[in-house]
2 protein chains.
Amino acid sequence: MPKNCNFIEKLRDVGLRPTKQRVKMCEVLFNREKTFHFTINELVKMISEQMNQKISLATVYNTVHAFEKKGYLKEISIDSHRSYFDTNTSSHHHFFDEDTHQLIDIDKNDIDTINLKKNISGKKINSIEVLVRVASDNQNQK
Amino acid sequence: MPKNCNFIEKLRDVGLRPTKQRVKMCEVLFNREKTFHFTINELVKMISEQMNQKISLATVYNTVHAFEKKGYLKEISIDSHRSYFDTNTSSHHHFFDEDTHQLIDIDKNDIDTINLKKNISGKKINSIEVLVRVASDNQNQK
DNA sequence: ATACACATTATAATAATTCTAAACTATTGA
DNA sequence: TCAATAGTTTAGAATTATTATAATGTGTAT
Ligand SMILES: [Mn+2]
Ligand SMILES: [Mn+2]
Ligand SMILES: [Zn+2]
Ligand SMILES: [Zn+2]
């Protein structure tokens, strides 16, 4: 149980009770090599596949938003028809593949720092993020 | 009727019949000095204020999406809880004011061209857009 | 063990958007 | 001109994503 212990501590740190649903969500979300992007429906599927029990959709929504509020998840607006979340909560840039509807992180080394010359007076900048929309190149295809 | 004639021609060019609802929408959307950003609900309010007749919400949705498909409007995803549209259909960058929920164009001169060093293979870039989220600076305020 | 606060759940409610099908209108060409 | 036709508007129903409710269940501290 070493992994789950970490999640239990993590949840406690944040003031959330480590229920079995939340620990399972932590496993699905955070027990992996790399960060990833997901929609609520994709997440529900992943959790269902890894649990014998059923998890309520309301719990998934509530817990995702709890994690978001505590800074463990970040919501990314890309497509008005679906909500994307990111387990990488740092400020970073994305490709959005319009064919597959996949979000992909842009490597920090592959893009220069954005240089804003003017800001709106009386406002502070919370984030500067770039979205690069891509689609398959059908140039040589009938 | 010089202004409306333009809109009638514009609609015809695009293959849309110039009904009085569509001409009114054109006036609200395009008969102005500067481009602007709106949500569907804001647009419905604007149209209602300028018409004695009532316009159906379905017509506003359908017509906005028809204009979008024909390239006269652009949808901008900023906030998963509401859809923004832009009468400036060129590729450009935005401030989003998280206090007022207003979208504001960034002047081309105030930001350097984004330089991407690597793209995803087999994909072409459709757009590169920057979103700068700002909020009031309460630093010196209790 | 007990009590309490907090969490989960099924279900209902809400809100945004899209669908439907009947009534209406712009266009065309006889 | 004026019907025929294709396209449009409309009210209201349907759908979808999300949030609220309130009864039941669970984690935690004593
Ligand atoms: Mn949200
Ligand atoms: Mn749309
Ligand atoms: Zn990311
Ligand atoms: Zn704009």
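So you know, we letter chains A, B, ... as the sequences are listed, proteins then strands, and number each from 1. Quantities reported herein were computed from a predicted structural model and do not represent experimental measurements. Scope of the values below: all heavy atoms of this structure, side chains included, with no hydrogens, waters or symmetry mates.
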N or O in side chain of A:Thr19 less than 4.0 angstrom from C:dC6 OP1/OP2: no
Check: A:Arg82 side chain, D:dA17 base, donor-acceptor under 3.5 Å: no
Of B:Pro18 and B:Ala58, the one whose closest DNA chain C nucleotide lies more 5': B:Ala58
Touch class at under 4.0 angstrom, heavy-atom based, for B:Arg22 against every strand present: sugar-phosphate
Whole-Å gap separating P (D:dA17) and CD (A:Glu75): 15 Å
Side-chain donor-acceptor contact under 3.5 Å, A:Thr63 with A:Gln21: no
B:Arg17, nearest nucleotide to its side chain (from C:dA16, D:dG12, C:dT27): C:dT27
Face-on cation placement of B:Lys74 at B:Phe85 ring, 6.0 Å and 45° thresholds: no
Nearest-angstrom distance from the residue atom NZ of A:Lys24 to P of C:dT8: 15 Å
Sugar-phosphate only, base, or nothing, as touched by B:Ile55 at under 4.0 Å among non-hydrogen atoms: sugar-phosphate
Length of the line joining A:Leu57:CG and D:dT21:P, which is rounded to integer Å: 17 Å
Pairing residues for A:Asn41 by the side-chain hydrogen bond (donor to acceptor under 3.5 Å, both in side chains) criterion, not counting sequence neighbours: none
Nearest non-hydrogen partners of B:Gln50 and B:Lys24, listed with the distance: O-NZ, 3.2 Å
Length of the line joining A:Ile47:CD1 and C:dT8:P, which is rounded to integer Å: 11 Å
C:dA26 phosphate, OP1 or OP2, under 4.0 Å from B:Arg12 side-chain N/O: no
Cation-pi, B:Phe36 ring and B:Arg32 (6.0 angstrom, 45 degrees): yes
Residue-phosphate contact under 4.0 Å: B:Tyr61 side-chain N/O, C:dT17 OP1/OP2: yes
Partners meeting side-chain hydrogen bond (donor to acceptor under 3.5 Å, both in side chains) with A:Asn109 (sequence neighbours left out): A:Asp107
A:Ser83 side-chain N/O to D:dA17 phosphate OP1/OP2 under 4.0 Å: no
B:His65 side-chain N/O to C:dT18 phosphate OP1/OP2 under 4.0 Å: yes
Distance, rounded to the nearest Å, where B:Asp79 contributes CG and C:dA16 contributes C1': 13 Å
A:Gln21 side-chain N/O to D:dT26 phosphate OP1/OP2 under 4.0 Å: no
Touch class at under 4.0 angstrom, heavy-atom based, for A:Thr59 against every strand present: base
Whole angstrom value for the distance that separates P of C:dT25 from NZ of B:Lys20: 6 Å
Value in whole Å for how far the C1' atom of D:dA11 lies from CG of B:Asn62: 13 Å
Short side-chain N/O contact from A:Gln53 to OP1 or OP2 of C:dT9, under 4.0 Å: no
Interatomic distance where CD1 belongs to A:Ile40 and C1' belongs to D:dT19 [whole Å]: 12 Å
